[in-house]
Colleague: 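Below is one structure. I have some questions about it.
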Amino acid sequence: MFPFLTVLVALPALGAALLWALPASALTRVREIALGITVVEAVLFVIMALQFDKGDAGAFQFSETYAWIPQIGASWALGVNGIGLLMVALAVILVPLTILAAWREDKVPARRRHYLALVLLSQAFMVGIFAARDVFLFYVLFEAMLIPLYFLIGSFGGAQRRYAAVKFLLYSLVGGLVMLVGVVALYFVGPGGEQAFLTDNLTGTLDLTTAQERLMFLAFFLAFAIKAPMVPVHTWLPDVAENARPGTTALLVAVLDKIGTFGMLTLCLTLFPEAADWASPVIIVLAVISVIYGALLAIGQKDMMRLVSFTSVSHFGIMVLGIFAFQQTSVEGAALYMFNHGLSTGALFLLVGFLIARTGTADVDAYGGLQRIVPVFAGTFLVVGLSALSLPGLSPFVSEIMVLVGAYPVAAWAVIVSAVSVVLAALYILLTYKKVFTGPAPEAAPATTRDLTLRERLVAWPLVGLMLLLGFAPAIAIDYLREPSADIVAHVTLEEADA
Amino acid sequence: MQSLIWLAIALPLASAAVLLCLGRRADAWGHWMGVAASGGAFLVGLGALIEMLGKPAEERALDTTLYTFIPGGDLHVDVGLLADPLSITFVLLITFVGTLIHVYSVAYMEHDKDRRRFFAYLNLFVAAMLLLVLADSYLLLFVGWEGVGVASYLLIGFWNYKPEYATAANKAFVVNRIGDIGLIIAMGIMFTTFGALDFATIGELAGNASTATLTAAGLALLLAACGKSAQFPLQSWLGDAMAGPTPVSALIHAATMVTAGVYLIVRSAPIFEGAPNAQVVVAIVGAITLTLGALIGMAKDDIKKALAASTMSQIGYMMLAAGLGPVGYAFAIFHLITHGFFKAGMFLGAGSVMHAMNDQVDMRRFGALKGAMVVTWVTFGLGWLAILGVPPFSGYWSKDKIIESAFVGEGWQPWVFGLTALIGAGLTAFYMSRLFFMTFHGKARWTDEVHPHESPALMTVPMIILAVGSAFLGLILATGDRFTTWLEPVTGHVEHHEPVLPVAVIVALTLILVALGAVGAWFKYGRAEVPQEAPSASLATITARNDFFQDSVNRAVFQRPGQHVTRTLVYADAAIVDGAVNKQARGWSSLGSASRKLQTGQVRSYAATMLVGLVIVIAVIVVGGL
Amino acid sequence: MNPMNYVILAAILFSIGAAAVLLRRNAIVAFMGVELMLNAANLALVAFSRIHGELDGQIMAFFVMVVAAAEVVVGLAIIIAVFRARQTISLDEPAELKG
Amino acid sequence: MSFTTPTIDWAAFAPIIIVLGAGAAGILVEAFVKTPATRRTVQLALSLAALVASLGVIIAQWAALDGAGTVVMSGMATVDRQALAWMAILLVFGLLSMLLFASRDGGGAFTELGATAPGSVEEKLARRAGLQLTEVYPLALFAVGGMMLFTCVTDLVFLFVALEVFSLPLYLLVALARRRRYLSHEAALKYFILGAFSSAIYLFGVALVYGATTVTDVNMIGTAIVNLADADPLLLAGAVMIIVGFMFKIGAVPFHSWVPDAYQGAPTAVTAFMGAATKAAATAALVRVMFVAFAPLEWELSWLVWAVAIASMVYGTVVALVQTDIKRMLAYSGVAHAGFILVAFAGLEGEALTALPFYLLAYGLATIGAFAVVSQVRERAEDGGVGAEAVRLGQWAGLGKRSPLLAGSMALFLLSFAGIPMTAGFIGKFEAFSAAIAGGAWPLVLIAVLASAVAAFFYVRLIVLMFFTDAPEGAEETIAIEDGALTRVVIYVTAAAVLVLGILPSGVLNLFADASVLLVSVGG
């Protein structure tokens with residue numbers, strides 16, 4: 001069979017290499033080349049996705065397993081189940097849009113080349129991570145991905161970008177390194193051998209003492225909690241969001257941070273179910289704190305990028321709540337939320353980016369009355385904003401309600417407290433909309449305020465379209481998630497029954 | 001047509017989508033498409049009604065599954081539309097009144113350059129509202145529920161270049177969302193208890209659930225209803241919502257959306273049946289709101305705000321009725337229908353007046369308009385008679401029944417609820433008459449630049465149709481208990497209960513109070529001079545004028561502390577959560593600066609370090625090894 | 001005499017040598033301290049050789065002496081180079097490399 | 001008492017003999033080839049040829065060895081695959097360093113005439129005469145040869161000889177910097193005094209162990225210790241002193257003091273060689289001593305390993321945080337790495353035998369590469385010529401723009417030091433941690449990862465400077481970037497190696513896995 005996943009990983013990586021190798025004379029076309037690569041990637045993905053057997057969404061498909069470093073038990077093993085497929089889809093969808101969004105960001109072609117190459121490199125890592133069927137491979141990509149991101153944040157962006165980049169890297173590294181201890185330990189507690197890290201060989205076969213399992217769970221969880229910014233290890237995100245380029249932030253929050261929840265879902269729960277069960281009360285408390293805390297802080301922000309990043313903290317809290325409620329519906333909801341949040345927040349960051357591109361500031365107080373000047377922009381922003389507050393008809397709603405309703409049977413109090421966030425979400429989105437778009441039009445409309453351009457529409461509207469599609473027909477996505485979620489829940493509950 | 005009822009939603013939804021997507025290109029004809037979409041939906045509803053009337057009563061309900069919405073493992077939700085007498089009643093109300101208001105808006109919004117967008121929003125609202133009432137599960141209902149919320153937000157803030165209008169829109173949405181928490185929790189409870197969210201399953205299984213569970217679910221639903229229907233304590237948004245164009249007030253904030261709470265309670269009858277305590281709370285909320293609304297209505301000089309207060313009060317009646325249980329469900333809906341007609345009619349009338357008076361809303365600058373706008377006067381007058389409950393106009397048939405039902409029961413409840421409803425009728429008569437007389441009678445207190453004139457036919461025709469409905473609909477539907485029988489498959493058949501007072505006494509008392517109220521108003525506002533500026537007034541009046549200081553209370557209790565919390569958290573996040581990490585990082589650096597002093601540069605000290613290290617190691621290992 | 005005493009003597013010599021390195025500022029003297037330490041080790045080797053009743057330790061001592069001689073050559077070369085440059089062989093003087 | 005003349009398997013020693021022989025031949029070249037330029041060419045060719053030949057012999061021996069090895073000189077040395085692997089690593093380091101030694105960037109790394117005083121008339125004359133210090137080639141060859149010997153010797157006294165054979169040339173090399181000669185002298189003096197001091201400690205330890213066990217052969221020591229009834233303080237003290245001798249060479253706290261000063265003061269090419277090779281050689285010897293001779297003392301000595309490992313990681317890391325001199329920062333990073341190396345010793349698991357060669361190879365390559373990069377960034381002298389290396393951190397600001405390949409390579413080396421995946425350093429770290437966790441030392445590993453996280457900060461800081469900070473005004477005038485062909489070759493080769501070892505380490509790991517059996521080990 002055609003090695004779809006390896007090609008999907010290799011293509012953008014080679015693309016990045018190609019961009020760096022381009023002669024100076026070809027640099028003017030660098031955007032088109034980069035975009036072309038991502039479009040080819042997307043087409044390949046679609047061809048693959050069409051062959052995905054929905055009826056068997058719980059199983060890894062398009063599996064490839066090659067020996068990589070057999071001495072330490074690592075394989076180049078890729079494969080996606082329904083959840084992985086959706087996550088790869090997210091990466092494949094958002095990267096070309098980000099490239100398109102950044103079309104006019106750099107005046108110097110050489111800088112443009114670096115930016116695009118780094119974006120392509122990140123895409124390769126993202127696809128690889130979501131498709132990894134080997135814990136070691138997952139870890140390697142998980143950590144290696146920090147590097148392009150680090151350069152993306154540190155080289156392109158606002159005044160404090162260096163601080164933000166270092167902060168991002170160090171936070172992630174602390175988590176990643178602690179996880180490394182867990183990964184290493186996995187080799188010794190697991191079956192060992194040349195395929196010691198293959199998830200198939202690890203899932204359900206680990207025979208750990210309680211203490212071992214808990215420690216390893218915590219090692220993995222810490223890394224994922226930092227990535228999926230959970231309070232109190234979230235503070236890197238607002239700084240990054242404020243200082244990185246909106247496109248970078250969009251990729252980071254919309255796709256990359258999902259690795260945190262993805263890891264919790266596919267590694268923490270399946271490898272260490274008993275420990276997950278043991279830790280779940282505390283994690284649910286943390287999740288609920290994230291939900292409310294993030295929302296309250298979002299309300300208190302003046303910088304729109306920071307604001308959106310705090311909303312993400314809140315939303316990630318809901319995902320984590322769904323994951324650690326261990327209910328079929330809540331887990332499905334969380335998995336779906338990972339995808340939907342990517343669409344919604346990605347679009348929101350990119351739109352704020354378009355605003356910044358016009359006026360150079362993300363400060364809400366610098367704006368006002370834009371609806372009359374740029375009605376299409378305002379409308380698009382409003383729809384995307386409403387998706388962020390989980391309005392029915394737009395996809396995040398379905399996932400949020402699935403988490404809240406699904407988690408209710410086991411964590412009623414958590415759901416009730418989290419439900420307060422629907423009010424807070426209304427506040428932070430609508431207050432922002434009000435400040436930026438309503439009110440009297442500014443006296444002299446700045447020359448830079450032009451309505452959404454064709455290019456910008458091409459960026460924002462596909463996302464809006466997807467949100468609407470999945471808002472009205474979420475079954476399209478849920479069909480991919482049901483079986484994997486059921487498998488995951490079965491793991492945890494089986495262990496519970498054993499205990 | 002019953003199985004094609006989805007068309008009723010699809011038509012306005014498609015129209016809204018087209019209008020929004022095409023933008024200015026649809027400016028020329030967009031409004032008419034909006035009207036057509038709404039009208040089409042009405043025809044679909046009418047067809048369904050005719051089809052249903054042809055069937056025996058117990059076979060009238062039809063649940064059509066369109067497609068699977070959430071095909072989860074545990075939670076399965078379909079996009080299913082339930083066309084039963086209750087929902088079709090709503091469909092007809094929404095589409096009929098809605099279409100009239102669409103037509104009215106064509107003229108009313110003629111000079112607004114964003115008229116097309118306005119129609120898109122109106123269509124969006126109609127679609128969402130129809131989804132709300134046709135949904136066969138709480139989840140799908142919630143979709144419509146939020147949909148009308150957002151349509152309401154968009155329409156209230158239609159002129160959001162005025163900051164206070166934008167604020168009003170936000171307020172409406174946010175307060176509604178507080179109610180939504182209730183619906184989410186209710187769904188959580190239902191999913192936990194019944195494993196499903198559709199009405200059929202829940203109706204079937206509700207009997208098995210514990211009272212405590214049902215009470216919790218009922219109270220959560222009530223919270224939702226309070227938000228949407230502007231019931232105490234979530235009533236504060238409705239008055240501000242009058243910022244929207246008047247047709248919006250007529251359609252959304254009088255006739256349809258605000259009644260969704262009542263619909264929710266009635267639809268959740270199986271839950272409330274097992275939760276008598278929750279029912280009582282519903283009734284209490286209704287009673288409080290109806291009084292509160294009436295009191296506020298008496299003090300408002302803004303014609304739209306007075307009408308809004310009246311709406312609140314009338315919905316209080318409906319809530320009260322819904323809280324009485326099966327005995328009141330049908331009357332709650334009945335009143336909802338008649339109220340939809342007469343209140344929409346009066347709002348359109350108010351719009352017509354504003355149209356004539358250069359968008360002024362202060363009734364103290366109105367007066368004597370009956371001469372200038374006869375049609376408006378007459379149609380408004382019919383609505384006025386209807387809301388007063390003067391026989392044989394519509395309101396009489398519905399409201400009187402509610403008052404009667406309120407007197408049914410045992411213990412303190414019939415007396416409290418009954419008397420509240422009774423006195424409310426008197427108050428209603430007073431404030432509505434005050435409104436009517438201040439606007440149309442007495443002396444003209446117009447500002448200089450206004451030249452009142454009758455509105456164009458596009459506006460008056462809908463008003464006339466609604467006025468006809470206000471006059472006769474009640475009579476038609478009440479004759480032979482047609483309406484209650486029609487609803488029986490949903491609300492259940494109830495044996496007639498005797499009120500604690502004889503019916504004749506109740507009717508008589510009601511009429512007397514209404515007459516007193518109206519006459520009192522005539523003397524104070526019809527015959528007597530009305531000052532152009534609001535006179536300084538008693539504390540009670542000021543309290544009512546200020547909506548019982550609800551905004552101040554909200555500000556003091558929620559907004560200010562909330563802002564403080566937010567500000568504190570923003571600070572704490574930077575100083576403590578982030579600060580701890582930064583301090584820790586600085587700690588490492590200081591540790592480094594301190595440690596590097598050990599590297600003195602003196603080779604002899606290096607040797608000493610080595611030797612000391614060696615000696616310690618040997619000491620520990622040798623001594624430890626012995 | 002108990003050959004173990006030689007070992008003790010060796011230990012004492014070793015300590016004296018180490019003390020010289022730690023306490024003497026003059027590079028040559030410090031270096032002599034190092035040589036003393038090496039010779040202490042030699043003494044210990046020889047003493048143990050005697051205790052064990054074999055020759056290995058004594059042969060080792062010869063190896064060490066050769067190596068120590070080589071070390072002296074290198075050491076003095078460096079010390080002389082430093083002296084040429086700075087006109088001093090104080091160990092404390094060059095202390096620019098620190099921290 | 002009768003002597004049996006030991007039979008010496010010369011063939012087994014061939015790689016070492018080639019290198020040391022070439023060193024001796026180099027001395028003759030010094031004597032007979034008069035023109036400095038020719039001499040340099042001849043020396044370089046001779047050195048490279050010797051190293052390559054030696055490497056070739058090792059490959060041949062490796063292929064010929066069949067799991068077993070050769071015991072040479074009645075057990076005084078053992079040429080097994082473990083030793084061959086280390087030798088190969090050292091030869092690679094030697095080859096790369098030799099290219100750096102030969103590089104003429106900024107006038108070359110070495111002074112014209114070591115005997116002249118800095119700033120003296122003689123120095124100027126020597127410079128004008130175009131003299132070149134070509135003795136460095138034989139010196140380096142002796143050092144490499146001594147180190148190779150160090151990895152295969154299994155007799156403690158012979159080890160001492162090997163130790164001195166490679167240390168003495170290094171002391172001299174450190175003193176021979178072309179620029180900043182005062183610092184170079186100071187570094188050499190300190191390195192020498194402390195080196196000699198630690199040699200003496202080591203030797204006294206040998207004497208004590210000999211006293212306690214009657215033998216100096218590592219294998220026999222192991223057996224003897226097993227047979228000893230209870231812990232002999234003489235033996236313990238001796239063992240500690242021996243290990244301390246090696247820890248000194250590795251640069252572990254508190255025996256690390258020479259590292260920052262020597263690294264900073266030495267000519268950068270020598271620092272590169274020293275940083276990579278000394279650590280590797282000392283680790284190789286420590287492996288043999290720990291795994292064979294003192295394995296029975298594992299329990300007693302584990303305390304030492306843990307304490308020193310933690311101290312090295314923490315101290316090296318926190319002090320590196322506040323360094324402003326790049327060479328010194330890398331030196332402290334080396335101290336921290338000494339700690340990571342010791343982590344692999346925890347538990348004395350067999351995994352360490354694969355992990356350590358890989359770790360040292362990864363570390364050494366990155367070290368040589370990093371110092372090679374350092375040698376390319378120069379201050380401009382007042383006369384406009386190229387001056388000393390620009391080692392203050394601030395001077396590297398904006399390097400990424402001026403020379404992306406150079407800065408990119410440096411970033412790669414730094415990331416490898418930090419143990420970021422896809423670099424050799426990560427696999428090395430992974431292997432080292434694996435060995436420790438196999439030995440149950442996960443708390444030690446946890447401390448190690450936390451130290452790595454803190455350490456990442458200073459590596460990253462340099463990357464921030466190079467890539468995210470704009471060069472200050474006039475940097476072009478004050479900072480010159482050299483483009484020496486030989487150095488660039490070294491940089492790119494090491495960078496590529498770091499990447500390849502990070503992404504496809506399988507082949508090399510296989511080699512080291514084959515090498516992970518010690519021919520001579522306790523009980524077998």
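A note on names: the letters A, B, ... follow the listed sequences, proteins ahead of strands, and every chain is numbered from 1.
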Colleague: So A:Met179 and D:Val449, do their side chains get closer than 4.5 Å, heavy atoms only?
Modeller: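 No - every pair of side-chain heavy atoms lies 4.5 Å or more apart.
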Colleague: Below 4.5 Å from any heavy atom of chain D, which atoms of A:Leu146 appear? Answer side chain, backbone, both or neither.
Modeller: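 Contact with chain D: none, neither part.
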Colleague: Can you measure from CE (D:Met422) to CD1 (A:Ile147) and round to the nearest 0.5 angstrom?
Modeller: 11.0 Å
Colleague: Under a 4.5 Å heavy-atom cut-off, does chain A meet the side chain of D:Leu509, its backbone, both or neither?
Modeller: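 Contact with chain A is through both the backbone and side chain of D:Leu509.
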Colleague: At what distance, to the nearest 0.5 angstrom, does CZ of D:Phe430 lie from CD1 of A:Ile72?
Modeller: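 Taking CZ in D:Phe430 and CD1 in A:Ile72, the distance rounds to 5.0 Å.
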Colleague: For A:Phe151, which atoms come within 4.5 Å of any heavy atom of chain D: side chain, backbone, both, or neither?
Modeller: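 It is both, since atoms from each part get that close.
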Colleague: Side chains of D:Leu450 and A:Leu177: closer than 4.5 Å at any heavy-atom pair?
Modeller: no
Colleague: Given a strict heavy-atom distance threshold of 4.5 Å, which part of D:Phe426 is in contact with chain A: side chain, backbone, both, or neither?
Modeller: side chain
Colleague: Quick one: closest heavy-atom pair of A:Ala144 and D:Ile420, and the distance?
Modeller: CA-CG2, 4.5 Å
Colleague: I'd like to know which of D:Val460, D:Leu415, D:Val454, D:Leu504 tops the heavy-atom pair count under 4.5 Å against chain A.
Modeller: D:Val460
Colleague: For A:Ala165, which atoms come within 4.5 Å of any heavy atom of chain D: side chain, backbone, both, or neither?
Modeller: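 Only the side chain of A:Ala165 comes within 4.5 Å of chain D.
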Colleague: Mind listing the closest non-hydrogen atom pair of D:Ala453 and A:Leu170 along with its distance?
Modeller: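 Distance-wise, the nearest heavy atoms are O-CD2, 3.7 Å.
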Colleague: Output all donor-acceptor pairs under 3.5 Å across chain D and chain A; consider backbone as well as side chains.
Modeller:
unit_1: D:Val460; atom_1: O; unit_2: A:Tyr150; atom_2: OH; d: 3.2
unit_1: D:Phe468; atom_1: O; unit_2: A:Arg161; atom_2: NH2; d: 3.3
unit_1: D:Phe468; atom_1: O; unit_2: A:Arg162; atom_2: NE; d: 2.7
unit_1: D:Ile503; atom_1: O; unit_2: A:Trp68; atom_2: NE1; d: 2.6
unit_1: D:Ser506; atom_1: O; unit_2: A:Gln71; atom_2: NE2; d: 2.8
unit_1: D:Ser506; atom_1: OG; unit_2: A:Trp68; atom_2: O; d: 3.3
unit_1: D:Ser506; atom_1: OG; unit_2: A:Gln71; atom_2: OE1; d: 3.3
unit_1: D:Asn510; atom_1: OD1; unit_2: A:Gln71; atom_2: NE2; d: 2.6

Colleague: Could you check if a side-chain atom of D:Val445 sits within less than 4.5 angstrom of a side-chain atom of A:Val184, using non-hydrogen atoms only?
Modeller: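 In short, these two side chains do not touch, never coming nearer than 4.5 Å.
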